[in-house]
Amino acid sequence: MQRSTTHTTHRTHTTHTTRRRTKRTKTVIATALTGVAALGMFATAQAAHASVGSAAGAGAEAGHAAHAADFARTSATPYVINHYGEENADKGRAERSPKHLVLSEFTSIHGLRWKEWGAKKAVATGKVTGTWCLDTCLDKPLKATVTLSDPKTVNGRKVFSTFTLKLAKGTGAYDSEDLRGSSRPLATS
């Protein structure tokens, strides 16, 4: 009789441990999926905002396209791997002087006006939004300057591998690793 009780107690303990692990795993998966959903919703909102802005400012678009064309392109000029938009979310797309750019899983920048796109770095101004500022910046994106740097060769193509993001003065203080002033990694594939 004693043996049966011990065996049942051990089985009950094992069942509870398994349930806790399963619950923990489900919680981790749910959290990850929530983050992916928020990023997707965030990118969709940005795309909608950008399409409204582009319809209103078609003349500015032509100016932006002409400005981007002013940069000399050579085989030494790096690309940036851009995951902006549903079609690029998984694999990314190699671009030079993109209008919108996903910097990290937390931060995107759009309405980019490129000041420089060279062999060592690229610099642009634009409007940034991120999961760290959704309550304030989704409807009113923050002005910022982004610098892409540290070109690396990946799969035979030269791509920028880091970014630095600096908010314009007067935009407020936010707590995000993407804003700490140091270089942050960019997706390179």
Side-chain angles (χ1 to χ4, degrees), residues 31-32 34-47 49-50 64-65 67-134 136-138 141-189:
T31 302
T34 300
V36 168
L39 187 57
M41 183 175 68
F42 183 66
T44 302
Q46 282 187 321
H49 179 72
H64 176 69
H67 179 69
D70 291 343
F71 297 116
R73 304 287 188 229
T74 68
S75 60
T77 307
Y79 292 87
V80 64
I81 303 300
N82 196 357
H83 290 266
Y84 187 85
E86 280 187 49
E87 67 279 3
N88 301 321
D90 292 332
K91 296 182 181 181
R93 178 176 152 184
E95 296 180 328
R96 289 180 175 141
S97 305
K99 185 173 177 189
H100 311 286
L101 181 61
V102 173
L103 296 172
S104 73
E105 66 271 26
F106 306 110
T107 307
S108 294
I109 190 166
H110 62 275
L112 289 165
R113 293 189 158 284
W114 293 96
K115 298 176 180 183
E116 176 182 349
W117 192 283
K120 301 281 184 195
K121 71 177 182 176
V123 181
T125 57
K127 295 189 176 186
V128 69
T129 54
T131 56
W132 40 268
C133 67
L134 284 179
T136 59
C137 70
L138 187 57
L142 308 170
K143 292 179 183 178
T145 300
V146 64
T147 302
L148 310 180
S149 57
D150 198 19
K152 305 268 186 224
T153 301
V154 178
N155 297 327
R157 180 177 279 164
K158 201 171 206 181
V159 296
F160 287 115
S161 66
T162 62
F163 75 91
T164 305
L165 184 64
K166 183 178 180 183
L167 293 179
K169 291 183 182 197
T171 55
Y174 297 90
D175 185 26
S176 171
E177 284 187 37
D178 290 348
L179 300 173
R180 301 247 163 90
S182 58
S183 293
R184 301 283 301 146
L186 274 169
T188 56
S189 59

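As a basis for the values below, the full set of heavy atoms in this structure was taken, side chains included, without hydrogen atoms, waters or symmetry mates.
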Any chance you could measure [X], atom [atom1], to [Y], atom [atom2], to the nearest 0.5 Å?
X	Y	atom1	atom2	answer
E95	Y79	CD	OH	10.5 Å
F106	E177	CZ	CD	7.5 Å
L138	T129	CG	OG1	7.0 Å
I109	T125	CD1	OG1	7.5 Å

What are the two closest non-hydrogen atoms of [X] and [Y], and how far apart are they?
X	Y	result
L179	L165	CD2-CD2, 3.6 Å
A124	W114	CB-CE3, 3.2 Å
S183	T164	OG-OG1, 3.6 Å
V128	L167	CG1-CD2, 3.5 Å
I81	A187	CB-O, 3.5 Å
P141	K127	CB-CB, 3.5 Å

When you look at Y174 and L142, which way does the side-chain contact (heavy atoms from CB on, under 4.5 Å) test go after all the steps?
-> CA-CA 11 Å; Y174 297 90; L142 308 170; 3.5 Å; yes
Test side-chain hydrogen bond (donor to acceptor under 3.5 Å, both in side chains) applied to [X] - qualifying residues, sequence neighbours left out:
X	value
T153	none
R157	none
D178	S104, T107, R184
T162	S149

Once the angle between the rings of F160 and W117 is folded into 0 to 90°, is it parallel (under 30°), tilted (30 to 60°) or perpendicular (over 60°)?
->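 Perpendicular.
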What residues, two or more places apart in sequence or in another chain, satisfy salt bridge (Lys or Arg N to Asp or Glu O under 4.0 Å) together with K152?
->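 Applying salt bridge (Lys or Arg N to Asp or Glu O under 4.0 Å) to K152 gives D150.
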Please list, chain by chain and in numerical order, all residues satisfying side chain to side chain contact (heavy atoms under 4.5 Å, CB included) with A168, sequence neighbours excluded.
-> K143, T171
Taking the side chain as C-beta and beyond, is there a heavy-atom pair between V146 and L112 under 4.5 Å?
-> yes
Take R180 and D175 through the side-chain contact (heavy atoms from CB on, under 4.5 Å) test and state the conclusion after the steps.
-> CA-CA 8 Å; R180 301 247 163 90; D175 185 26; 2.4 Å; yes
Would you sort out whether V123 and T145 count as a side-chain contact (heavy atoms from CB on, under 4.5 Å), showing the intermediate values?
-> CA-CA 7 Å; V123 181; T145 300; 3.9 Å; yes
Decide side-chain contact (heavy atoms from CB on, under 4.5 Å) for V159 and T188; before the verdict, give the C-alpha distance in whole Å, the side-chain angles of both, and the deciding distance to 0.1 Å.
-> CA-CA 7 Å; V159 296; T188 56; 4.0 Å; yes
